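Heads up: the structure comes next, in structure tokens.
The figures that follow rest on heavy atoms only: side chains count, while hydrogens, waters and symmetry mates do not. Computed from a predicted model, the values in this text were never measured in an experiment. Chain A is the first sequence line, chain B the second, and so forth, proteins listed ahead of strands; every chain is numbered from 1.
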Protein chains: 2
Amino acid sequence: MTKITIKDVARAAGVSISTVSNALNDVDVLSPVTKSHVLKVAKQLNYVPNLNGKQLRSGKTKMLGFFTTSVSGPYFYKLVESMSRECDRLGYGLNVFITKDRQVIMSNILGRRVDGAIIYEELRIDEEDISAMQQEKIKAVFLDRVLQNETMGSVIFDSYVASYEATKYLISLGHKKIVYISGVDTMFDSVERKEGYLAALRHYQLPINEDYIIQGYFEEESTYNAVKSFLHLHPDKVPDAFLAGNDLSAIGCIQALKTHGYEVPLDISVMGFDDIDIAQYYTPPLTTVRNQIAKQGIQAINHLVRLIQKKEQGTVHKLTSELVVRGSSHVKIYSK
Amino acid sequence: MTKITIKDVARAAGVSISTVSNALNDVDVLSPVTKSHVLKVAKQLNYVPNLNGKQLRSGKTKMLGFFTTSVSGPYFYKLVESMSRECDRLGYGLNVFITKDRQVIMSNILGRRVDGAIIYEELRIDEEDISAMQQEKIKAVFLDRVLQNETMGSVIFDSYVASYEATKYLISLGHKKIVYISGVDTMFDSVERKEGYLAALRHYQLPINEDYIIQGYFEEESTYNAVKSFLHLHPDKVPDAFLAGNDLSAIGCIQALKTHGYEVPLDISVMGFDDIDIAQYYTPPLTTVRNQIAKQGIQAINHLVRLIQKKEQGTVHKLTSELVVRGSSHVKIYSK
DNA sequence: TTTGCTAATGAATACGTTTTCATAAATTAA
DNA sequence: TTAATTTATGAAAACGTATTCATTAGCAAA
């Protein structure tokens with residue numbers, strides 16, 4: 001017995017193909033009696049529509065694609081779970097494509113296997129591809145780069161504001177001498193975080209000291225070394241607080257401070273960024289800044305669907321982060 | 001400008017549609033000169049084949065679907081990464097569908113959006129669905145249930161053997177009085193692990209003591225309580241070792257032993273199952289049994305592809321596990 | 001020369017569906 | 001009653017591709 005098609009249903013029900021199609025797709029032109037009859041016959045025959053035929057004819061797949069280089073780690077699975085749930089809610093399916101091959105991404109998108117794409121691909125799609133997508137009016141939302149045109153937008157974390165808020169928080173604790181431990185200066189986020197830090201200092205009219213910006217390269221060990229040499233070089237100007245470019249860097253910093261006899265947070269406050277898993281288990285538990293990953297997923301899906309429905313043009317959504325106050329920060333004590 | 005199709009390429013190249021199709025799909029009937037000419041024109045026009053047309057006509061998608069209820073946690077992302085890589089190698093794409101809706105699974109599979117399916121769905125697909133798939137000769141591999149017919153197979157972990165081996169290892173350390181901390185007795189894995197434990201005892205002719213099987217329910221706290229009450233009830237028969245149904249249970253067990261003044265592993269050995277992330281960071285680091293997740297992914301994909309190619313019939317592949325010896329187990333000391 | 005064969009190409013069909021448009025029947029308006 | 005409108009249905013086209021089969025041209029063998 002071969003695969004049952006809409007034709008077989010039509011024959012069995014004694015109606016035309018179009019009638020079956022209308023019944024199945026709930027197009028409101030049929031008499032209730034024929035409609036229910038057709039549906040009953042379809043069920044009896046265990047009819048399942050061929051999606052390729054459907055999609056070819058209608059030009060729609062009711063599928064959104066998430067294109068990513070990896071799904072490993074909490075960031076990705078939190079993201080994917082939230083997107084998946086949001087797709088469900090909006091009547092779409094979510095399809096995860098894991099690939100580093102630009103070609104694969106393009107042929108799936110331009111080949112219309114999905115109605116729209118969420119793209120996280122670490123900057124491997126070049127201008128040429130973008131303009132090809134633009135020409136075809138492909139609907140897409142980028143998670144790791146800023147892009148905005150008629151049919152394409154972005155949802156990114158605003159590291160600048162996050163850093164500004166983090167610095168503001170440290171200032172609110174009474175800290176004035178705040179050292180910023182920079183990450184990798186070629187990375188967008190790293191630069192944004194440094195700028196946010198500087199902006200907060202300016203806003204609260206605290207002096208900006210070039211010596212108070214050191215390089216930690218987002219790593220524990222290099223930060224450890226950087227902090228130690230900082231303390232050696234400037235034994236006179238011990239800071240009130242350190243703002244590290246990420247959590248690993250914060251940990252390296254705290255280790256270094258310990259070896260110099262400083263207690264965190266009583267003597268010096270330290271905070272990081274990202275709220276990695278270790279953050280809450282570390283001693284002291286890290287005060288840090290957490291990205292709202294689920295929110296990113298939800299916004300991306302919603303934006304994409306609105307692009308598809310042409311209810312919206314491409315926009316750059318910037319997400320604010322969340323301050324996570326734990327044990328590594330403390331009000332400044334002026335006891336001595 | 002509208003979407004470019006194979007027709008446009010044919011017109012631009014001054015050849016027929018079939019010639020373009022043959023050129024693009026590398027069918028070896030064309031003269032080299034026309035072939036390269038067609039490919040050049042296609043490239044110039046930025047032609048990208050419509051996958052829905054392709055798939056409808058050919059009946060193939062070159063896509064495998066992974067159907068799962070979740071992607072959260074190390075098990076899933078290790079699995080997905082390994083499957084994805086293996087798909088690449090075999091010339092397939094992998095598509096991850098996250099859903100709890102049996103309907104969605106069936107319509108995607110029976111609607112031929114994929115050439116084959118890897119299914120992890122916690123037993124929600126019933127016999128009716130299975131037989132529908134069987135009738136259509138759908139190619140599928142299950143990861144969480146045993147199933148075997150002409151076009152469908154399984155790749156599962158052999159918990160029985162794993163537990164047997166774990167017990168054997170404890171015996172090899174000189175332990176004779178081994179307590180098994182059972183999980184949830186309605187779960188397949190839980191039962192298998194208990195049976196493996198019993199089989200090892202029998203094989204090495206150690207006495208089987210009903211009191212030495214206690215309930216921990218796969219949880220830290222309930223195990224903690226269970227072990228404490230065990231020690232209270234049987235102060236006379238202190239065991240040499242505990243084999244816990246999973247790592248969380250092992251941790252609960254060690255905590256309880258600590259409060260009773262026993263040192264792990266010097267006084268008593270404890271081991272778990274699963275090798276969760278915490279296992280290696282715990283004090284003492286847990287001796288445990290690790291499933292070879294990547295292997296499961298690789299085998300599943302390979303089996304599925306061979307089913308599709310009709311080079312193989314459905315089989316149940318059982319994977320052996322890997323003993324991870326860390327600090328929570330130790331040779332039995334008969335000092336006193 | 002004629003015949004037969006091979007190599008290269010194109011015309012036409014089919015895949016399974018949605019959708020447009022025409023038609024027939026039923027209802028309402030005149 | 002007839003004309004006009006609405007309602008329900010079906011015939012046929014279209015989506016973009018792969019594939020079968022026929023056709024043509026070129027060439028070697030007889």
- Message: Can a donor-acceptor pair be found, under 3.5 Å and without considering hydrogens, that links the side chain of A:Thr151 to the backbone of A:Lys139?
- Response: no

- Message: In terms of relative ring orientation, are A:Tyr77 and B:Tyr77 parallel, tilted or perpendicular, with 30° and 60° separating the classes?
- Response: parallel

- Which part of the nucleic acid, if any, lies within reach of A:Val15 when heavy atoms closer than 4.0 Å are counted: base, sugar-phosphate only, or nothing? sugar-phosphate

- Atom-pair distance (CG on B:Leu24; C1' on D:dT17), nearest Å: 10 Å

- Task: Provide, to the nearest angstrom, the distance between the CZ atom belonging to A:Arg112 and the P atom belonging to D:dG16.
- Result: 10 Å

- What nucleotide, of D:dT17, C:dT19, D:dG16, holds the atom closest to the side chain of A:Ser58? C:dT19

- Along DNA chain C (nearest heavy atom to each residue), the more 5'-positioned of B:Thr19 and B:Gly53: B:Thr19

- Query: Hey, does the side-chain of A:Ser18 have a donor or acceptor N/O within less than 3.5 Å of a partner on the base of D:dA11?
  - Reply: yes

- Query: Do the side-chain N and O atoms of A:Asn108 and A:Arg113 include a donor-acceptor pair separated by under 3.5 angstrom?
  - Reply: yes

- Message: Is there a side-chain contact between A:Ser16 and the phosphate of D:dA11, meaning an N or O under 4.0 Å from OP1 or OP2?
- Response: no

- Message: In this structure, how many angstroms lie between the P atom of D:dT17 and the CG atom of B:Asn25, rounded?
- Response: 10 Å

- Which of the following nucleotides, C:dT9, D:dG10, C:dT17, is nearest to the side chain of A:Thr5? C:dT17

- Task: Measure from the side-chain heavy atoms of A:Pro49 and tell me the nearest of D:dG16, C:dT17, D:dG10.
- Result: C:dT17

- Task: Round to a whole Å and report the spacing from CD of A:Gln55 to C1' of C:dT19.
- Result: 17 Å

- Task: Establish, with yes or no, whether the OP1 or OP2 oxygen of C:dT18 is under 4.0 angstrom from a side-chain nitrogen or oxygen of A:Ser21.
- Result: yes

- Note on the structure: To the nearest angstrom, the CG-P distance between B:Leu30 and C:dT9 comes to 5 Å

- Query: How is A:Gly111 classified with respect to the nucleic acid when contacts are heavy atoms under 4.0 Å: base, sugar-phosphate, or nothing?
  - Reply: nothing

- Item | Phosphate contact (D:dA8 OP1 or OP2) by A:Ser31 side-chain N/O below 4.0 Å | no

- A:Arg57 CZ to C:dT20 C1', in whole Å, measures 8 Å

- Message: Using whole Å, what does the distance between atom C1' of nucleotide D:dC15 and atom CG of B:Leu51 come to?
- Response: 14 Å

- Task: Starting at atom NZ of B:Lys54, determine the distance to atom C1' of C:dA14, rounded to an integer number of angstrom.
- Result: 17 Å

- Message: Any donor-acceptor pair under 3.5 Å linking the side-chain atoms of B:Ser154 with those of B:Gln148?
- Response: no

- According to a strict under-4.0 Å criterion, is B:Thr34 in side-chain N/O contact with OP1 or OP2 of C:dT9? yes

- Are A:Val114 and A:Leu64 close enough that some pair of their side-chain heavy atoms sits under 4.5 Å apart? no

